[in-house]
2 protein chains.
Amino acid sequence: MDKNNSTLDKILDAGRHLIQKYGYNGFSYADIAEIIGIKKASIHYYFPSKQELVRAVLQRYNKDFLNDLYQIEQQFTDPLDKLKSFFLLYRKTLENDEKICLCSMMAAEISSFPKEIRTDINRFFLDNEEWLEKVLTQKKALDVPSFSDSLAEQSKLLLTFVQGAQLLVRASGELEQYDTMVENVLKTL
Amino acid sequence: MDKNNSTLDKILDAGRHLIQKYGYNGFSYADIAEIIGIKKASIHYYFPSKQELVRAVLQRYNKDFLNDLYQIEQQFTDPLDKLKSFFLLYRKTLENDEKICLCSMMAAEISSFPKEIRTDINRFFLDNEEWLEKVLTQKKALDVPSFSDSLAEQSKLLLTFVQGAQLLVRASGELEQYDTMVENVLKTL
DNA sequence: GTCTATAAGATGATAGAC
DNA sequence: GTCTATCATCTTATAGAC
C-alpha cells in the first residue's frame, strides 16, 4: 500500500508538483534535482528529454485521477455526495501550496506541446465529462426530472465550472471562495 | 482612431500575443525582437526588466478589456444581448491563433509573480464580476425573478464558466464547443 | 532610439568515470 | 544508477558606439 519511493517516483512527484505550480515552461531539471537531492544528469538517465518526462507525469496523473474518481463512485451511493467529492478532489489540490490541476495548467500551455501530449490532456477532460455524465444520470433517476438538457452538455458545464473556479481562486488567493461557488453551482442542478 | 504604431506599442502587442499563447514563462525577449524586427537590446530601452514589460502588458490589457465591456454596455439595451457579446468577446481571443485571455494564462502562472502583478490579475476578475452583476441586475428587472440567489454569486459562476470553457476549447482544439456551451449556460439563467 | 558587443548565469542534454 | 565534467544554446540584462 505504501507508495514506491524509488528515484523514478520521486522524479515524477517533483515534476508533477512543479508543473502544477509553475507550469511546464516554469521549471527545469535543476529544480527537480534540488527538490529530491540528486544531480541533473541523473534525471536524464530516466527521462532523456523534458518532453518524455512531462508525458510520464501526465499519464500517471490521468491514471491516478481516474482511479480517484472510481473510488468516489464506489464509496458513495448518493449522486449528490459523489459530486461533492468530485469538487473536493479539486479542492485538495488548491489547498496545497498554490497548485492547480495538472491538466488545467497544461491546457493553458497547450501551444507548447506536440500532438501526442495534447491528446493526453484532452483525454483527461473527456474522462471527467464522462464520469460527471454518469453521476448526473444516476441523479436524474432519483430526482423529479428537472433539467431537460443533455446530460452530456450539463457535464461539460460542470467541468468548465471547476476548471474556471481554480483560476478565480488562484487570482484572489482566497480558497474559501471555492466552497461558496461549489455550493452555488450545486444549486443549479 | 488608428492604433499608434510606435515601437512601444509593437512591443506591448507582441508581448501580449506571446503571453496569451505560451505564457509568461514561455516567451523571451528574443521572440518579441523577432516578431517586430528589432534587436533584443532595444526592448530593454523601453522595459529594463521582463517583469516591468509584463506589468505594462497586463495593465493595458485590463484597460482595453474594461473599455470593451463599456462599449458593449452602450451598444445594447437587452441584457441578454450584452451577455452574448460578453461571451463573444472571449471567443474572439480563442478564434485567433491558439490564444486565451491574458489573465486566464497569468492566473494559471500566478506562482511566478510578485504581489503587485497578482493584484492586477485579480482586479481583472473583479471587474468582470462587477460588470456581469450589473447586467444580471438589469436582466432581473425585466424577467420574472427566476433566481433568488445573490447576483454577485451568479456573476462569479458565469465568470468561472467562461474561464473554464477556454481551457476545454484549448484541450480539444474545437472552437465550436464554445458556442454550444455558451448556449447552454445562458439557458441556466 | 537602435545598434553591436558582451556578460553571467540558466537550460536541456551528452560522454564517460565510478 | 549516480556522479563529474562539459557542451551548445538560450536567457535576462548592461555598456557603450552610432
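In what follows, chains are A, B, ... by sequence order, proteins preceding strands, each numbered from 1.
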Using the benzene-type ring in the case of Trp, are the ring centres of [X] and [Y] under 6.0 Å apart?
X        : Y        : value
A:Phe86  : A:Trp131 : yes
B:Phe124 : B:Tyr61  : yes
A:Phe113 : A:Tyr24  : yes

Dump the pairs, protein N or O against N or O of nucleotides 4-8 of chain C, anything under 3.5 Å, distances to one decimal.
none

query: Do we get B:Lys50 above B:Phe27's six-membered ring, with its NZ or CZ under 6.0 Å from the centre and within 45° of the axis?
result: yes
task: Output the single nucleotide from D:dT14, D:dT2, C:dC3 whose closest atom is nearest the side chain of A:Thr7.
output: D:dT2
task: For the side chain of B:His44, starting at C-beta, report the closest nucleotide among D:dT14, D:dC3, C:dG1.
output: D:dT14
task: Quickly work out the B:Ile36 CD1 to C:dG1 C1' distance and round it to whole Å.
output: 13 Å
Rounded distance in Å - CD1 (B:Ile43) to C1' (D:dT11): 12 Å
query: How far apart are the C-alpha atoms of A:Lys21 and A:Met105, what are their side-chain angles, what is the distance that settles it, and do they pass the side-chain contact (heavy atoms from CB on, under 4.5 Å) test?
result: CA-CA 8 Å; A:Lys21 187 165 180 180; A:Met105 182 65 89; over 6 Å; no
message: Has B:Asp31 got a side-chain atom pairing as donor or acceptor with B:Ser28's backbone, closer than 3.5 angstrom?
response: yes
task: Take the angle between the ring planes of B:Phe87 and B:Phe161 and call it parallel below 30°, perpendicular above 60°, tilted in between.
output: perpendicular
query: Counting only non-hydrogen atoms, which of residues 17-32 of chain A are less than 4.0 Å from DNA chain D?
result: none
Heavy-atom side-chain proximity of A:Leu102 to A:Met106 below 4.5 angstrom: yes
Verify the distance criterion only: is there a donor paired with an acceptor across the side chains of [X] and [Y] at less than 3.5 Å?
X        : Y        : value
A:Gln166 : A:Ser104 : yes
A:Gln138 : A:Glu73  : yes
B:Ser49  : B:Glu52  : yes

query: By a strict heavy-atom criterion of less than 4.0 Å, which residues belonging to residues 47-55 of chain A are in contact with DNA chain C?
result: A:Pro48, A:Ser49, A:Lys50
- prompt: Are any of B:Tyr46's side-chain N or O atoms less than 4.0 Å away from OP1 or OP2 of C:dT2?
  reply: yes
